[in-house]
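Per chain, numbering begins at 1; letters A, B, ... match sequence-line order.
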Amino acid sequence: MASPATFSAWTLSGSILSPNASKNDSEFVCNYPNVCLKRTLSASADTSYSWRSRNGKAIDWRGGKLSHKSEVQCRAMKVESKPSFSLGNKFQLEDVIEAQQFDRDTLSAIFDVALEMEKIEKNFRGSQILKGCLMATLFYEPSTRTRLSFESAMKRLGGEVLTTENAREFSSAAKGETLEDTIRTVEGYSDIIVMRHFESGAARRAAVTASIPIINAGDGPGQHPTQALLDVYTIQREIGKLDGINVGLVGDLAYGRTVRSLTYLLAKYKNVKIYFVSPEVVKMKDDIKDYLTSMGVEWEESADLMEVASKCDVVYQTRIQRERFGERIDLYEEARGKYIVNQDVLDVMQKHAVVMHPLPRLDEINVEVDVDPRAAYFRQAKNGLFIRMALLKLLLLGW
Amino acid sequence: MASPATFSAWTLSGSILSPNASKNDSEFVCNYPNVCLKRTLSASADTSYSWRSRNGKAIDWRGGKLSHKSEVQCRAMKVESKPSFSLGNKFQLEDVIEAQQFDRDTLSAIFDVALEMEKIEKNFRGSQILKGCLMATLFYEPSTRTRLSFESAMKRLGGEVLTTENAREFSSAAKGETLEDTIRTVEGYSDIIVMRHFESGAARRAAVTASIPIINAGDGPGQHPTQALLDVYTIQREIGKLDGINVGLVGDLAYGRTVRSLTYLLAKYKNVKIYFVSPEVVKMKDDIKDYLTSMGVEWEESADLMEVASKCDVVYQTRIQRERFGERIDLYEEARGKYIVNQDVLDVMQKHAVVMHPLPRLDEINVEVDVDPRAAYFRQAKNGLFIRMALLKLLLLGW
Amino acid sequence: MASPATFSAWTLSGSILSPNASKNDSEFVCNYPNVCLKRTLSASADTSYSWRSRNGKAIDWRGGKLSHKSEVQCRAMKVESKPSFSLGNKFQLEDVIEAQQFDRDTLSAIFDVALEMEKIEKNFRGSQILKGCLMATLFYEPSTRTRLSFESAMKRLGGEVLTTENAREFSSAAKGETLEDTIRTVEGYSDIIVMRHFESGAARRAAVTASIPIINAGDGPGQHPTQALLDVYTIQREIGKLDGINVGLVGDLAYGRTVRSLTYLLAKYKNVKIYFVSPEVVKMKDDIKDYLTSMGVEWEESADLMEVASKCDVVYQTRIQRERFGERIDLYEEARGKYIVNQDVLDVMQKHAVVMHPLPRLDEINVEVDVDPRAAYFRQAKNGLFIRMALLKLLLLGW
């Protein structure tokens with residue numbers, strides 16, 4: 001969910017918690033199957049309630065362990081002390097909706113867990129820490145690469161998966177269900193939902209509705225936060241640091257949500273310098289440039305890929321999307337051929353630098369680059385697995 | 001399968017059991033992979049055979065435990081005593097084909113198991129009682145909601161799933177396989193088949209062919225027995241009883257297989273009164289009314305939803321299906337707007353009463369109803385999980 | 001992979017192994033995630049290298065146990081002795097690409113493992129020997145029968161599956177990824193890839209790229225090696241031998257890859273006689289006839305199914321494919337009705353002989369044949385499960 005404040009407002013105005021008199025305390029009952037625990041946890045942070053399941057047993061929600069196995073109804077009772085949401089100093093992750101929700105410390109903590117996951121994945125038999133947990137992949141449009149990455153992450157940790165790439169059927173003309181109703185149904189079958197949707201904001205709507213964690217696996221032109229996380233993680237793994245680095249962003253900077261999210265996250269680090277290298281028609285937009293300036297991040301536009309490549313720790317190449325050019329195939333052809341990463345680019349790059357790409361690639365990186373140790377893009381794809389393992393672990397088991 | 005008698009007839013007339021001389025007993029050999037056990041169990045009930053696997057080891061078929069791991073060939077030998085099909089007093093469930101196959105006692109026993117399943121599902125790690133068992137979901141048309149519910153049920157019990165929503169490929173023009181051949185192939189890969197088909201009667205054909213249990217997950221306009229079971233189970237869970245209740249069925253009563261099956265099952269209980277509230281064009285058909293009358297069940301048609309709602313324990317709302325109205329969109333619009341469950345209806349309902357709906361809903365229940373504790377439809381959807389867990393347990397492990 | 005020689009050439013010319021000076025030995029570093037081990041193993045067979053992971057630990061690659069969990073980079077060092085690729089006398093299976101890769105001894109060894117698998121499959125709880133292993137089914141065209149068979153095989157051994165029947169999405173116009181890039185991505189998520197593709201040779205390309213084992217589940221008009229293996233295995237299981245048998249191949253002999261591959265494998269056995277029975281338009285092509293002659297295998301064309309059936313141990317019927325006849329539906333109708341296996345054919349067949357068919361069947365085998373013990377085609381389909389279990393075990397665990 002976006003913020004506890006938002007939730008509480010929604011929760012109360014929606015009358016989900018209806019007051020219910022009792023001897024010594026104010027009681028609230030909520031009425032959705034499985035809904036109450038996560039929802040009430042948010043409320044409790046604000047209002048100093050402790051929460052009890054229907055049978056009166058205190059709910060130990062720390063670590064999120066109970067959040068997906070809650071009673072159909074539970075109650076909030078006013079208690080003396082305000083319960084803590086964190087174990088140690090760490091934020092309890094509830095949903096993964098957008099790159100902006102992560103601060104520098106949270107990123108660092110997630111990356112530590114991802115590093116542990118690399119070790120687990122190297123074991124022949126994987127791990128069983130999520131044994132008995134069930135992840136639903138609710139895809140409203142196909143994205144086989146992303147889906148397989150999440151499903152592999154869950155299974156490497158011993159968890160199980162319910163799959164659909166056919167989620168549009170829920171909301172098809174004949175069936176006509178709202179996203180909220182679909183989420184209320186699917187949360188009854190699973191412990192966590194990974195959702196891909198064609199509409200910006202859909203993941204946030206799902207998180208507001210759901211009592212179980214939601215991970216946004218891309219919602220239209222909006223967010224794809226796990227891609228942004230794996231990009232930053234890859235830089236840290238390959239270069240060894242995130243402060244004081246030079247990053248060249250190349251290709252389609254106007255439309256690619258990947259580079260926009262990455263830029264946003266890089267602004268959290270110190271002494272980062274960003275170079276934008278792109279054909280005129282797909283230049284980085286002003287909102288991001290203004291944001292960088294306001295955050296004190298140095299940036300520069302350049303038309304000289306060779307010069308930028310020679311200065312950078314990371315050359316982040318992206319695909320020019322033909323569909324942005326409509327009828328103007330001539331402009332597309334001109335744009336896509338302009339900045340290619342090939343052996344010449346490698347020759348000017350520093351020894352420790354790397355080439356990254358979110359994949360799939362067409363010919364914007366020549367295949368001759370693949371065999372160079374600085375070609376990091378397949379390792380980057382693999383890092384997506386480790387980041388997703390880490391997020392699943394954190395959302396289902398806590399830190 | 002529908003009835004042992006039917007099966008035996010089929011089995012013998014089809015010459016599957018071909019006589020095979022032996023010293024002291026009549027022997028029969030059947031020739032399908034995996035077919036013999038279930039089939040021969042039926043025969044043995046009628047003919048007092050005991051059954052032995054190819055290597056002569058006696059088959060302990062009680063509890064159905066061996067039915068999906070049988071030898072390719074097995075033999076029937078005449079023995080002294082007639083073996084029993086039941087453990088204690090309970091019927092051994094072999095397939096789930098239609099709502100009518102369940103009597104009151106069987107329903108009650110299944111509901112007891114479903115209640116146990118609620119407890120299992122609340123455990124963080126679920127259960128492993130079906131570990132090593134494999135369920136095939138053979139869907140000839142997509143029904144994501146039903147499929148995910150079955151797959152979740154299987155996985156919550158530690159079982160595994162083979163999925164296809166593309167089962168029409170088996171019988172497509174190019175491939176052209178009969179349903180029977182498909183079943184004979186798929187039963188070799190799995191321990192139980194959950195089938196959704198577009199043709200009425202398809203599930204029964206599959207059950208006649210298969211040596212492993214078949215669950216009908218909807219066959220065209222025909223049956224959807226697990227929906228009927230979860231509806232009755234929900235009434236018992238919410239109201240606490242099934243005898244002596246008043247049930248209002250609202251909406252599309254002419255075409256909805258849900259309300260037709262529910263009516264049939266409710267007739268098994270005492271002092272039930274049923275109210276039909278529907279637009280003229282989608283009135284309950286005479287066959288069901290005649291059936292209720294013949295069973296001594298009181299029923300009444302009404303155009304006054306408010307009055308009915310005030311008297312009922314259960315208001316069961318359904319969706320009016322646009323596709324029934326062809327070109328007459330005016331009639332559809334008139335029908336769908338006529339009986340809406342909203343706050344006004346809630347206001348006249350009794351405190352203990354509930355609103356049910358098979359989902360998906362459009363606007364026949366206003367979203368303002370969702371937050372009322374009497375809105376039972378999401379709990380009802382969740383009960384589908386428990387009923388399916390119970391059926392999988394009963395079919396694969398026995399009582 | 002096709003041959004170590006090919007690989008080495010490719011590996012070296014592609015500069016994947018870039019020389020890297022070191023004190024006592026020649027070192028090579030390769031740069032793909034997960035790529036190095038399988039690839040370097042091949043090279044090592046030719047060049048007498050031993051292989052060490054990045055941290056210098058010797059890699060024990062025997063049994064293939066480490067091949068899918070290797071370090072991102074590893075090194076080859078020249079050592080004294082040439083390491084052995086086999087345990088005992090057995091060939092280490094790396095990929096399954098085409099029927100021709102198997103010699104008589106390998107087939108026999110695989111069949112021994114398949115027989116063990118039959119026993120495992122009969123256990124109620126299956127086996128857990130592949131627990132923690134992950135198979136990706138990468139299907140570029142749907143083939144539900146083959147996919148379910150592989151997925152069942154994996155799950156019967158305790159392994160897990162990532163599924164896509166939508167793999168064309170990777171290479172669709174919008175995404176435009178090469179097969180090689182897709183394989184490099186998917187190998188990061190899984191331990192073995194089962195691939196179905198529409199282009200002949202695609203499986204070989206995947207095997208050249210992948211560091212993990214590839215199984216060809218059919219590539220266009222090319223190969224479908226697991227079908228060929230299960231056919232030969234079925235003959236051995238049903239007839240008890242492969243030398244000295246008479247096999248009648250009936251139906252579409254011109255286009256069916258099944259009969260062509262089967263013929264090829266049968267030529268490895270002694271004193272086999274093959275009869276071709278087919279309508280004129282779909283006669284066996286000369287390349288196979290010439291091959292049989294060159295191998296000293298007796299063969300004969302016949303138009304008399306009854307006579308052939310009376311002499312054969314195996315009558316292998318196949319479906320005539322309508323799509324081969326274009327507009328000439330009259331020729332198709334004539335061809336498909338010409339050689340039907342029915343009760344008359346059974347009547348002349350020997351008692352120990354069997355009827356086989358790769359399925360699906362239309363009416364080229366009459367359903368009256370199904371109940372005869374000599375109808376082996378459903379047992380043959382089931383044998384596909386055992387063969388696939390055996391191959392998964394051999395590729396992931398070794399002999």
Side-chain angles (χ1 to χ4, degrees), chain A residues 11 14-18 20 29-35 53 65-73 128 130-138 158-178 180-191 209 396-397, chain B residues 118 120-128 137 139 141-161 163 165-166 237-238 319 321-323 357 359-363 365 367-386 388:
Chain A
T11 306
S15 307
I16 279 182
L17 302 174
S18 47
N20 195 344
V29 177
C30 69
N31 184 45
Y32 287 103
N34 276 337
V35 166
S53 67
K65 264 178 192 156
L66 285 168
S67 72
H68 37 88
K69 292 287 183 183
S70 58
E71 292 287 329
V72 172
Q73 297 193 327
Q128 295 292 317
L130 295 186
K131 187 176 173 72
C133 293
L134 209 39
M135 174 181 99
T137 47
L138 197 61
E160 271 295 337
V161 175
L162 301 177
T163 298
T164 185
E165 289 198 311
N166 197 17
R168 265 179 201 252
E169 197 223 336
F170 284 120
S171 55
S172 66
K175 304 257 176 169
E177 186 169 75
T178 63
E180 282 75 8
D181 277 16
T182 302
I183 292 292
R184 276 174 203 137
T185 300
V186 175
E187 72 177 354
Y189 305 153
S190 55
D191 300 315
T209 302
L396 288 164
L397 297 183
Chain B
E118 294 200 28
I120 285 176
E121 198 264 351
K122 281 188 181 54
N123 292 332
F124 179 51
R125 298 298 190 181
S127 160
Q128 294 292 317
T137 47
F139 275 47
E141 58 182 17
S143 176
T144 310
R145 177 189 313 273
T146 302
R147 181 173 63 79
L148 293 184
S149 176
F150 271 109
E151 296 186 1
S152 179
M154 190 66 182
K155 295 189 171 183
R156 287 294 188 207
L157 294 173
E160 271 294 338
V161 175
T163 298
E165 289 198 311
N166 197 15
R237 287 287 281 141
E238 296 284 336
R319 182 168 61 94
Q321 294 179 60
R322 182 176 174 157
E323 52 270 36
H357 190 295
L359 302 183
R361 62 143 166 209
L362 295 182
D363 51 9
I365 299 180
V367 290
E368 72 194 358
V369 174
D370 294 5
V371 296
D372 191 286
R374 292 169 292 179
Y377 29 95
F378 293 117
R379 295 192 295 271
Q380 180 185 359
K382 181 92 187 210
N383 286 336
L385 180 70
F386 304 134
R388 284 156 189 145

Closest approach of B:Arg156 to A:Tyr189 (non-hydrogen atoms, all atoms of both residues): NH2-O, 3.9 Å
Contacting moiety of A:Thr178, where chain B heavy atoms sit under 4.5 Å: neither
Residues which pass side-chain hydrogen bond (donor to acceptor under 3.5 Å, both in side chains) with A:Glu180, listed by chain and number, not counting sequence neighbours: A:Arg205
Partner residues of A:Thr164 under the side-chain hydrogen bond (donor to acceptor under 3.5 Å, both in side chains) criterion, sequence neighbours left out: none
Non-hydrogen side-chain atoms of B:Leu359 and A:Thr185 separated by less than 4.5 Å: yes
Check: B:Pro360 and A:Asp181 side chains under 4.5 Å, non-hydrogen atoms: no
A:Glu160 side chain to B:Lys155 backbone, donor-acceptor under 3.5 Å: no
Inter-residue atom distance A:Leu162.CG - B:Arg147.CZ, 0.5 Å rounding: 8.0 Å
Which atoms of B:Glu165 approach chain A - backbone, side chain, both or neither, heavy atom under 4.5 Å: side chain
Taking every non-hydrogen atom, the tightest pair across A:Leu134 and B:Ser152: CD2-OG, 3.6 Å
Closest non-hydrogen atom pair, B:Leu385 against A:Gly188: CD2-O, 3.5 Å
Shortest non-hydrogen contact from A:Gly176 toward B:Leu362: O-CD2, 2.7 Å
Gap between atom OG1 of B:Thr144 and atom CG of A:Asn166 - 0.5 Å precision: 4.5 Å
